[in-house]
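Here the structure is laid out as structure tokens; the discussion comes afterwards.
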Amino acid sequence: IVKTKKLSTILLGLILVVSTYALFSSEEKVDDSLQRAEILRVLETGETTQVLEMELLSDSGGVITIENDESFSVYRRIFNPGDKVLLATDEATGTPYISDYVRTPQLFILFIIFIIVTLLITGLQGIGALIGMGLSFIVIFKIILPLILSGYPPLLAAILGSMLIVPLTFYPAHGINKKTNIAIVG
């Protein structure tokens, strides 16, 4: 029975991880202002600049050439063919520039390690805690942040959001019982 519970816990965790990855990896556009691109060639390298040819990975696609200036950066990034990057557009000039590397695969690996370690240490209670954590992220990104961005007072939005987050995290992790009810009300 113990092995069956551990196996079902691990399988449920893997389903959670795979479905999360499928959700986020299919998006080529990160948000309205960022696009993913892959560097095809480094055409020119200077002391603080690189001229790069890259393919846009968005729906429109296409190949563009940009000059990446690192003279104002704290650390100099040197890009190589095959690097996947996020492109932003300067609002004043309309020219694209490299905002950052695409880190989705590395973050996904860390997420899998986190899920596995959590499930190994906490067992079935860890599944509830992970579900609660996911629900709290939903409340933060779908309720609290939109309220703040639409002009509501941040303190009020955070307090209302926390009133939702507490039961959404406590009940899946600890179950519906007298102790949990008292903890939520307190």
Side-chain angles (χ1 to χ4, degrees), residues 1-38 56-60 83-89 91 98-186:
I1 294 176
V2 174
K3 284 186 178 183
T4 307
K5 284 184 179 181
K6 278 190 175 184
L7 182 61
S8 63
T9 302
I10 291 171
L11 286 175
L12 186 59
L14 287 174
I15 289 170
L16 178 69
V17 168
V18 169
S19 62
T20 304
Y21 184 72
L23 258 170
F24 292 110
S25 67
S26 63
E27 298 177 16
E28 291 302 335
K29 225 174 187 190
V30 180
D31 67 24
D32 291 341
S33 62
L34 297 176
Q35 288 191 74
R36 292 178 188 221
E38 182 176 353
L56 297 175
L57 300 175
S58 61
D59 294 336
S60 60
D83 287 348
K84 291 189 176 163
V85 295
L86 295 175
L87 290 179
T89 304
E91 291 180 12
I98 297 175
S99 173
D100 204 354
Y101 289 99
V102 172
R103 292 186 168 92
T104 309
Q106 296 88 346
L107 290 174
F108 181 68
I109 290 168
L110 285 175
F111 180 67
I112 290 174
I113 292 169
F114 172 73
I115 298 280
I116 291 170
V117 169
T118 301
L119 294 176
L120 288 175
I121 292 172
T122 61
L124 288 176
Q125 193 173 6
I127 292 175
L130 292 171
I131 290 169
M133 184 179 68
L135 293 172
S136 67
F137 280 138
I138 291 170
V139 169
I140 291 168
F141 291 111
K142 297 292 184 184
I143 297 173
I144 297 174
L145 289 176
L147 282 175
I148 293 171
L149 292 173
S150 66
Y152 283 89
L155 185 60
L156 180 63
I159 290 171
L160 292 175
S162 68
M163 290 172 68
L164 284 172
I165 288 173
V166 168
L168 287 174
T169 55
F170 281 25
Y171 285 130
H174 303 288
I176 300 173
N177 56 48
K178 191 175 180 181
K179 230 168 135 175
T180 308
N181 292 338
I182 292 171
I184 290 172
V185 173

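These numbers were taken from a predicted model, which means no experiment stands behind them.
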Can you name the nearest heavy-atom pair linking [X] to [Y], along with the distance?
X      : Y      : result
Pro167 : Pro172 : O-CD, 3.8 Å
Ala157 : Ile148 : CB-CG1, 3.8 Å
Thr169 : Met133 : CG2-N, 4.4 Å
Leu86  : Arg36  : CD2-CG, 3.8 Å
Leu34  : Ala88  : CD2-CB, 3.6 Å

CD (Glu91) with more than 12 external heavy atoms under 6.0 Å: no

Heavy atoms of other groups near Tyr152 OH, more than 12 under 6.0 Å: no

From Leu119, Ile115, Ile113, residue fulfilling side chain to side chain contact (heavy atoms under 4.5 Å, CB included) relative to Val117: Ile113

Separation between [atom1] of [X] and [atom2] of [Y], rounded to the nearest 0.5 Å:
X      : Y      : atom1 : atom2 : value
Ile131 : Ser136 : CD1   : OG    : 12.0 Å
Leu156 : Ile144 : CG    : CD1   : 11.0 Å
Leu160 : Leu155 : CG    : CG    : 9.5 Å
Thr104 : Phe108 : OG1   : CZ    : 10.5 Å
Phe137 : Ile165 : CZ    : CD1   : 9.5 Å
Tyr171 : Ile184 : OH    : CD1   : 3.5 Å

Donor-acceptor contact below 3.5 Å, side chain Thr180 vs main chain Gly175: yes

Where at least one partner belongs to residues 100-129, residue pairs that pass salt bridge (Lys or Arg N to Asp or Glu O under 4.0 Å), sequence neighbours excluded: Asp100-Arg103

Side chains of Leu87 and Leu56 in contact at under 4.5 Å (non-hydrogen atoms): yes

